[in-house]
Amino acid sequence: MSDKIKVLFVCHGNICRSPMAESVFTQMVQDAGIADQFQIDSAAATREDLGSPPHYGTVRKLEEEGIPLIPHHAVLMTRRDYLDYDYLIGMDRENIHDMRRISGGDPQGKIYKMLEFAGMSRDVTDPWYTGDFDSTYQDVLAGCRGLLEYIENTGK
């Protein structure tokens, strides 16, 4: 049994926002010297992009920010993931809906919308539609900072 805090970031196709969040949060916990306390992954809420690598815009933005991309190919969130992870974090309202459908609800209160951790109710902007990876990065950064602070304050 692992005592690690398990975090799963989820977006529509698992090629833009969730791999960005996985990479950003991984870098954050490494910088804080607590990476050994975490298992961090990402997944898709839909089947559209399964097997695809991260979008070139995500790759480029992470490189620009000096954040290593976690090696990744899109995978689908499963019902088992709900049982295995402590935090399942969707990027937008549709992701949350899909995540609840996949998991059969949220009886343990583990599903969150990313920007809740930054004190905002809005969605993380989807660069697939906007092409604006800078705004998405700022949203992801704010959400990851808030998540880390939340975990540090609650102890898990």
Side-chain angles (χ1 to χ4, degrees), residues 2 4-29 35 37-59 61-62 65 67-133 135-151 154 156:
S2 173
K4 291 187 178 204
I5 298 167
K6 297 178 182 175
V7 179
L8 182 68
F9 293 103
V10 179
C11 71
H12 183 81
N14 192 214
I15 61 170
C16 296
R17 296 172 292 175
S18 58
M20 182 183 286
E22 178 184 0
S23 295
V24 167
F25 196 68
T26 297
Q27 186 64 50
M28 262 182 207
V29 298
Q37 298 174 33
F38 287 86
Q39 176 184 326
I40 304 162
D41 297 295
S42 65
T46 67
R47 298 180 177 276
E48 288 175 37
D49 295 302
L50 296 184
S52 297
H55 189 282
Y56 66 88
T58 291
V59 174
K61 185 60 187 173
L62 290 171
E65 297 296 332
I67 297 171
L69 174 70
I70 301 300
H72 175 79
H73 284 85
V75 298
L76 186 65
M77 179 189 157
T78 66
R79 186 175 294 250
R80 178 77 203 183
D81 289 334
Y82 186 83
L83 301 173
D84 290 345
Y85 287 87
D86 302 303
Y87 295 91
L88 295 95
I89 301 169
M91 300 295 143
D92 63 34
R93 186 176 60 251
E94 280 186 47
N95 301 154
I96 299 298
H97 173 78
D98 290 338
M99 292 164 70
R100 287 186 174 134
R101 177 186 46 76
I102 291 165
S103 64
D106 185 16
Q108 297 177 41
K110 297 179 177 186
I111 295 176
Y112 301 87
K113 193 158 77 165
M114 179 69 145
L115 287 176
E116 285 179 46
F117 294 105
M120 296 180 247
S121 60
R122 68 177 178 80
D123 295 344
V124 171
T125 57
D126 190 345
W128 177 259
Y129 300 106
T130 67
D132 184 358
F133 286 84
S135 292
T136 299
Y137 175 77
Q138 291 305 318
D139 286 350
V140 165
L141 186 61
C144 285
R145 283 180 177 151
L147 172 61
L148 185 55
E149 184 177 320
Y150 178 83
I151 291 170
T154 61
K156 188 158 183 168

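The figures here come from the full heavy-atom set of this structure, side chains too, leaving out hydrogens, waters and symmetry mates.
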Next item on the list: Specify the closest pair of heavy atoms between Ile15 and Ala74, including all atoms of both residues, with the distance to one decimal.
Entry: CG2-CB, 4.1 Å
Checklist line | For Arg79, all residues meeting side chain to side chain contact (heavy atoms under 4.5 Å, CB included), sequence neighbours excluded | finding: none
Item checked: Gln27 CD to Leu69 CG distance, which is reported to the nearest 0.5 Å -> 12.0 Å
Margin query: Restricting to ring pair (Phe, Tyr, Trp, His ring centres under 6.0 Å), what partner residues turn up for Tyr87, sequence neighbours left out?
Written below: Tyr112
Note to self: Show the nearest heavy-atom pair for residues Thr78 and Ile102, with the distance to one decimal.
What the structure shows: C-CG2, 3.6 Å
Note to self: For Thr58, give me all partners under side chain to side chain donor-acceptor pair (under 3.5 Å), at least two apart in sequence or on another chain.
What the structure shows: none
Note to self: Nearest 0.5 angstrom please: Phe133 CZ to Met20 CE, how far?
What the structure shows: 6.5 Å
Item checked: Euclidean distance, Thr26 OG1 relative to Ile70 CD1, rounded to 0.5 Å -> 4.0 Å
Next item on the list: Output all residues satisfying ring pair (Phe, Tyr, Trp, His ring centres under 6.0 Å) with His72, sequence neighbours left out; order by chain, then residue number.
Entry: none
Next item on the list: Could you pull out all residues at least two apart from Lys110 that satisfy salt bridge (Lys or Arg N to Asp or Glu O under 4.0 Å)?
Entry: none
Notebook entry, point to check: How many angstroms lie between CE in Met114 and CE in Met120, if you round to the nearest 0.5 Å?
Noted result: 10.5 Å
Item checked: Rounded distance (nearest 0.5 Å) linking atom OG of Ser42 with atom CG of Leu8 -> 7.0 Å
Margin query: Quick check on side chain to side chain contact (heavy atoms under 4.5 Å, CB included): which of Asn95, Asp126, Val140 does Cys11 satisfy it with?
Written below: Asn95
Notebook entry, point to check: Which residues pass the side chain to side chain donor-acceptor pair (under 3.5 Å) test with Glu65, sequence neighbours left out?
Noted result: Lys61
Next item on the list: With sequence neighbours excluded, give me every salt bridge (Lys or Arg N to Asp or Glu O under 4.0 Å) pair touching residues 87-98.
Entry: Arg17-Asp92, Asp98-Arg101
Checklist line | Any residue meeting side chain to side chain contact (heavy atoms under 4.5 Å, CB included) with Ser103, in chain and number order, not counting sequence neighbours | finding: Met77, Tyr82, Ile111
Next item on the list: Indicate the atoms forming the closest heavy-atom contact of Ala43 with Ser18, along with that distance.
Entry: O-OG, 3.5 Å
Checklist line | Listed once per pair and sorted, the ring pair (Phe, Tyr, Trp, His ring centres under 6.0 Å) pairs that draw on residues 7-27, sequence neighbours left out | finding: Phe9-Phe25, Phe25-Phe38
Note to self: Using the side chain to side chain donor-acceptor pair (under 3.5 Å) criterion, which residues pair with Ser52? Sequence neighbours excluded.
What the structure shows: none
Item checked: Side-chain heavy-atom pair Thr125, Asp132 within 4.5 angstrom cut-off -> no
Next item on the list: Looking only at non-hydrogen atoms, find the nearest pair between Pro127 and Thr130 and report the distance.
Entry: CA-OG1, 3.3 Å
Notebook entry, point to check: Checking side chain to side chain contact (heavy atoms under 4.5 Å, CB included) for the pair Val124/Thr136: CA distance, chi angles, key distance, verdict?
Noted result: CA-CA 6 Å; Val124 171; Thr136 299; 4.1 Å; yes
Check: Which atom names give the shortest non-hydrogen contact between Asp123 and Asp139, and what distance separates them?
Finding: O-OD2, 4.0 Å
Check: Distance from Leu83 atom CG to Gln108 atom CD, nearest 0.5 Å?
Finding: 7.0 Å
Check: Going by heavy atoms in the side chains, are Pro19 and Asn14 under 4.5 Å from each other?
Finding: yes
Margin query: Going by side chain to side chain contact (heavy atoms under 4.5 Å, CB included), name the residues that satisfy it together with Leu141, two or more places apart in sequence or in a different chain.
Written below: Val24, Met28, Tyr137, Gln138, Arg145
Check: Has the side chain of Asp86 got a donor or acceptor atom that lies under 3.5 Å from a matching backbone atom of Lys6?
Finding: yes
Next item on the list: State which residues pass salt bridge (Lys or Arg N to Asp or Glu O under 4.0 Å) with Asp84; sequence neighbours excluded, sorted by chain then number.
Entry: Arg80
